[in-house]
Amino acid sequence: MDGNLTKGPILKTLTKLALPIMASSFLGTLYNITDMAWIGLLGSKAVAGVGVGGMFTWLSQGLASMARMGGQVKVAQSLGRGEKEKAHGFAQTAVQLSTFMGLAYAILCLIFVRQMVGFFKLNDPEAVSAALSYTKIACGLIVFSFLTVTLTGIYTAQGDSKTPFLANLVGLVTNMILDPVLILGPGPFPKLGVTGAAIATVTAQFIVMSIMIICVIKQKKENVLKGTHLLAKIPAPYLNGICRIGIPTAIQGMAYCIISMVLTRMVSAFGAEAVATQRVGGQIESVSWNTADGFASALNSFTAQNYGAGKMNRVRKGYRASLWTVGIWGLIITLVFVFAPNTIATIFFHEPKAITIAVGYLIIIGFSEGFMCIELTTIGALSGLGMTRLCSIISIIFTGSRIPLAIFLKNTSLGLHGIWWAFSSTSIIKGIIFVCVFFWVTRKQTYETTM
């Protein structure tokens, strides 16, 4: 198998797989930052509207993670055991699930879009209009995003992270070209504003998905996705296997988004600038969490293959190497956020009130960046062992605690800063807990520890 992760130097093997994934994640960050930078020229109300619409695309990613995580882990474990036929079965089932769920989510969003946007109680008509326009397009064609993340996971499970990276690179270039053209309408082009941003994003997602599908068909090397039939009957064992691994991850992702929606509703009481700050701040913050999530995805496949092959000692060494890598990256982001918030904020905001709110957000959130990176990496390792339910329980409990904590702190002298501190403090706690859980779990593992 070309992507065998059970042999060779641990750090070299892990890094070779991780770097393209991290680069792909960084490209994902650039997608979002590019959108926000151009939309920022339309004003904070447009940014707030896109922020609300973006909540529903984020919610969809939690649902999409069921097929992606379940497929990635089961394919990697099957390959680690040398069961290539099973690996193909799990890959095909993951693609089928991803397609059906993406279409179902799109239909529901188009039917209930007004009720969904209305939940946030935006007071400004311009912000509401922007939210409706963005949500209809971005969620109405969300199936492209669903398939993109699932295909990326299955490629990664086979040790191929270069193909998704190249596909995402083409998508980024497309997005960067389309954004100013469709949003601002230079020359003969119509100025579409927020609608243009949504069209640019969906077009880029379609291109990324198409490239990965074409590579499956055209590449001569072995790939478990070859021969996938979208309308084939789904065997119960494959469906159950993916659901057992994927459902806890999906619940975790969707719960995290719903919690953020509740918190965004609290933030909206402080004005459109506060909502815009949360949205843009999250995109800026994704420089750290997208990168960490990319490394976590590599570690997930590395862990799953080695667990399937019975090499637990190799799993533990891979985790320690990953922990140092993402921890240092998180520390660098902390220093940038805490000591250069003004420089970052002025890139995206042009109104003094919005800049002031954004600076406060970046400083407070900055203290938790290293812990958040560690949390995501550890979740990737534990999920590779098949322990997605444990990850889900820990994450939901402590992320959910943000709501009562934010309610309490926002009614103190901290005000809006109290909500930001609810985000930051819980991330710090989760990072510490997940590391302790990983070492506790792996000490209790009785699996064979041969190299």
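Below, each value reflects all heavy atoms present in this structure, side chains not excepted, and no hydrogens, waters or symmetry copies. The residues of the chain are indexed from 1 along the displayed sequence.
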Self-check item: Heavy-atom neighbours of F339 CZ exceed 12 at 6.0 Å
Solution: no
Quiz item: Counting only N and O atoms by type, is there a donor-acceptor contact under 3.5 Å from the side chain of Y155 to the main-chain atoms of M212?
Solution: yes
Exercise. Report the residue from I379, L390, T442 that forms a side-chain contact (heavy atoms from CB on, under 4.5 Å) with V437.
Key: L390
Exercise. Determine, using ring centers only, whether Y319 and F439 are less than 6.0 Å apart.
Key: yes
Quiz item: Side chains of F56 and M261: closer than 4.5 Å at any heavy-atom pair?
Solution: yes
Self-check item: Donor-acceptor pair, side chain of Q252 and main chain of I393, under 3.5 angstrom
Solution: no
Quiz item: Do the side chain of Q77 and the main chain of G384 share a donor and acceptor less than 3.5 angstrom apart?
Solution: yes
Quiz prompt | Non-hydrogen side-chain atoms of L97 and M66 separated by less than 4.5 Å | solution = yes
Quiz item: Does CZ in F100 sit with more than 12 non-hydrogen atoms of other residues, nucleotides or ligands closer than 6.0 Å?
Solution: yes
Exercise. Work out which heavy atom in T388 is nearest to a heavy atom in M69; give both atom names and the distance.
Key: CG2-CG, 4.2 Å
Exercise. Go through the steps to decide whether M266 and L263 satisfy the test side-chain contact (heavy atoms from CB on, under 4.5 Å), and finish with yes or no.
Key: CA-CA 5 Å; M266 292 185 201; L263 291 167; 4.1 Å; yes
Practice problem: I would like to know whether C391 and T249 meet side-chain contact (heavy atoms from CB on, under 4.5 Å); could you show each step before the answer? | Solution: CA-CA 8 Å; C391 294; T249 300; over 6 Å; no
Self-check item: Heavy-atom closest pair, residues M116 and C109
Solution: CE-SG, 3.6 Å
Quiz item: Can you check whether E222 reaches Q158 side chain to side chain, under 4.5 Å on heavy atoms?
Solution: no
Practice problem: Inspect the surroundings of CZ in R265 and state if more than 12 heavy atoms from other residues, nucleotides or ligands are less than 6.0 Å away. | Solution: yes
Quiz item: Does any non-hydrogen side-chain atom of I213 lie less than 4.5 Å from one of L225?
Solution: no
Quiz item: What distance separates S368 OG from F423 CZ, expressed to the nearest 0.5 Å?
Solution: 10.5 Å
Quiz item: If you look at every heavy atom in A91 and V224, which pair is closest and at what distance?
Solution: CB-CG2, 3.8 Å
Exercise. Let me see the working for Q72 and S301 under side chain to side chain donor-acceptor pair (under 3.5 Å), right down to the final yes or no.
Key: CA-CA 7 Å; Q72 180 172 332; S301 294; 3.1 Å; yes
Quiz prompt | Straight-line distance of N313 CG to K311 NZ, nearest 0.5 Å | solution = 11.0 Å
Exercise. Please test M55 against S260 for side-chain contact (heavy atoms from CB on, under 4.5 Å), starting from the C-alpha separation and ending with a verdict.
Key: CA-CA 8 Å; M55 282 286 181; S260 293; 4.2 Å; yes
Quiz item: Any side-chain heavy atom of I433 within less than 4.5 Å of one from F398?
Solution: yes
Quiz item: Between D160 and K162, is there a donor-acceptor pair closer than 3.5 Å when you use the side chain of the first and the backbone of the second?
Solution: yes
Practice problem: Please test I407 against I403 for side-chain contact (heavy atoms from CB on, under 4.5 Å), starting from the C-alpha separation and ending with a verdict. | Solution: CA-CA 6 Å; I407 291 173; I403 294 176; 4.0 Å; yes
Quiz item: Are F144 and L141 close enough that some pair of their side-chain heavy atoms sits under 4.5 Å apart?
Solution: yes
Self-check item: Any donor-acceptor N/O pair, S424 side chain to W420 backbone, under 3.5 Å
Solution: no
Quiz item: Is the shortest heavy-atom distance from the side chain of S425 to the side chain of L405 under 4.5 Å?
Solution: yes
Practice problem: Of all the heavy-atom pairs spanning A358 and T277, show the shortest one and how long it is. | Solution: CA-CG2, 3.5 Å
Self-check item: F438 to L385 - nearest heavy-atom pair and separation
Solution: CE1-CD1, 4.5 Å
Practice problem: Answer yes or no: is there a donor N or O on one side and an acceptor on the other, between the side chain of N300 and the main chain of A296, under 3.5 Å? | Solution: no
Quiz item: Rounded to the nearest 0.5 Å, what separation is found between the CG atom of L103 and the CG atom of L108?
Solution: 11.0 Å
Quiz item: Just checking, any donor-acceptor pair under 3.5 angstrom between side chains of T426 and R402?
Solution: yes
Quiz prompt | Over 12 non-hydrogen atoms of neighbours within 6.0 angstrom of CE in M176 | solution = no
Self-check item: Non-hydrogen atoms of V202 and A138 that approach each other most closely
Solution: CG2-CA, 3.9 Å
Exercise. State whether a side-chain donor-acceptor pair under 3.5 Å links K430 with T399.
Key: yes
Quiz item: Going from CG on L19 to NZ on K16, what distance comes out if it is rounded to the nearest 0.5 angstrom?
Solution: 11.0 Å
Quiz item: Among T228, I154, N223, which residue meets the side-chain contact (heavy atoms from CB on, under 4.5 Å) test with V216?
Solution: N223
Quiz prompt | I211 side chain reached by L166 side chain, heavy atoms, under 4.5 Å | solution = no
Quiz item: Looking only at atom types and distance, does a side-chain atom of T378 sit under 3.5 Å from a main-chain N or O of I374, one as donor and one as acceptor?
Solution: yes
Quiz item: Is Q96 reaching over with its side chain to a backbone N or O of L230, donor-acceptor style, under 3.5 angstrom?
Solution: yes
Quiz item: Between CG of L362 and CD of E369, what distance do you get to the nearest 0.5 Å?
Solution: 9.0 Å
Practice problem: Hey, can you tell me if F367 and W421 have their rings parallel, tilted or perpendicular (30° and 60° cut-offs)? | Solution: parallel
Quiz item: Any sub-3.5 Å donor-acceptor pair from S392's side-chain atoms to R389's backbone N or O?
Solution: no
Quiz item: Atom CG of L299 and atom OG1 of T156: how far apart are they, to the nearest 0.5 Å?
Solution: 12.5 Å
Quiz item: CD of Q115: more than 12 outside heavy atoms within 6.0 angstrom?
Solution: yes
Quiz item: Stepwise, does the side chain to side chain donor-acceptor pair (under 3.5 Å) test hold for S145 with Q61?
Solution: CA-CA 8 Å; S145 176; Q61 295 309 295; 2.9 Å; yes
Practice problem: Answer yes or no: is there a donor N or O on one side and an acceptor on the other, between the side chain of T150 and the main chain of L147, under 3.5 Å? | Solution: no
